[in-house]
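So the structure is just underneath, and the comments pick up after that.
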Amino acid sequence: MIRISKEAFNVLQEIIENENVKDYWKKRFHGLSNKDDSILRGCFKELSEANYIATSWADNYPYI
C-alpha cells in the first residue's frame with residue numbers, strides 16, 4: 001500500500017462523503033485561491049498516482 005499525505009487522505013474522505021452530491025467538485029473548485037487550487041489538484045494527483053482514485057476532468061474540475 002502506498003502512503004499518502006494527510007491532505008490527500010482528507011480529500012479522499014471528502015470524495016467518499018460527497019460522491020452522490022451533484023456538481024460538488026465544480027462548486028468546490030469555484031472561487032479557490034491559486035494556492036488552494038494547486039493544493040487540491042495536487043491531492044487529486046497524489047491519490048491518482050497511488051491508485052486510490054481514477055479521475056476524469058471536465059471544465060477544469062474533476063468529475064468521478
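In this chain, residues are counted from 1 in sequence order. Basis for what follows: all heavy atoms, side chains included, without hydrogens, waters or symmetry-related copies.
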Legend entry - Any side-chain heavy-atom pair of T55 and L47 under 4.5 Å: no
Legend entry - Between CD1 on residue I4 and CG on residue L12, distance to nearest 0.5 Å: 5.5 Å
Inset, instruction - Nearest 0.5 Å please: distance from the CD atom of E14 over to the SG atom of C43. - result: 9.5 Å
Legend entry - Atom pair CG (L40) and OG (S33), whose distance is rounded to the nearest 0.5 Å: 10.5 Å
Inset, instruction - Compare all side-chain heavy atoms of W25 with those of R28 and state whether any distance is below 4.5 angstrom. - result: yes
Legend entry - CG (N34) with more than 12 external heavy atoms under 6.0 Å: no
Legend entry - Expected output: side-chain Y61 to main-chain H30 donor-acceptor under 3.5 Å: no
Inset, instruction - Indicate the ring-plane relationship of W57 and F29, choosing parallel, tilted or perpendicular according to the 30° and 60° boundaries. - result: perpendicular
Legend entry - Separation of D23 CG from D59 CG (nearest 0.5 Å): 10.0 Å
Inset, instruction - Measure the spacing between OH of Y52 and CD1 of I2 and express it to the nearest 0.5 Å. - result: 7.5 Å
Inset, instruction - Quick one: pull up CD in E46 and CD in E7 and give me the separation to the nearest 0.5 Å. - result: 8.0 Å
Legend entry - Validation row: R41, N60 side chains within 4.5 angstrom (heavy atoms): yes
Inset, instruction - Indicate yes or no for a side-chain donor-acceptor contact from D36 to the backbone of L32 under 3.5 Å, with no hydrogens or angles considered. - result: no
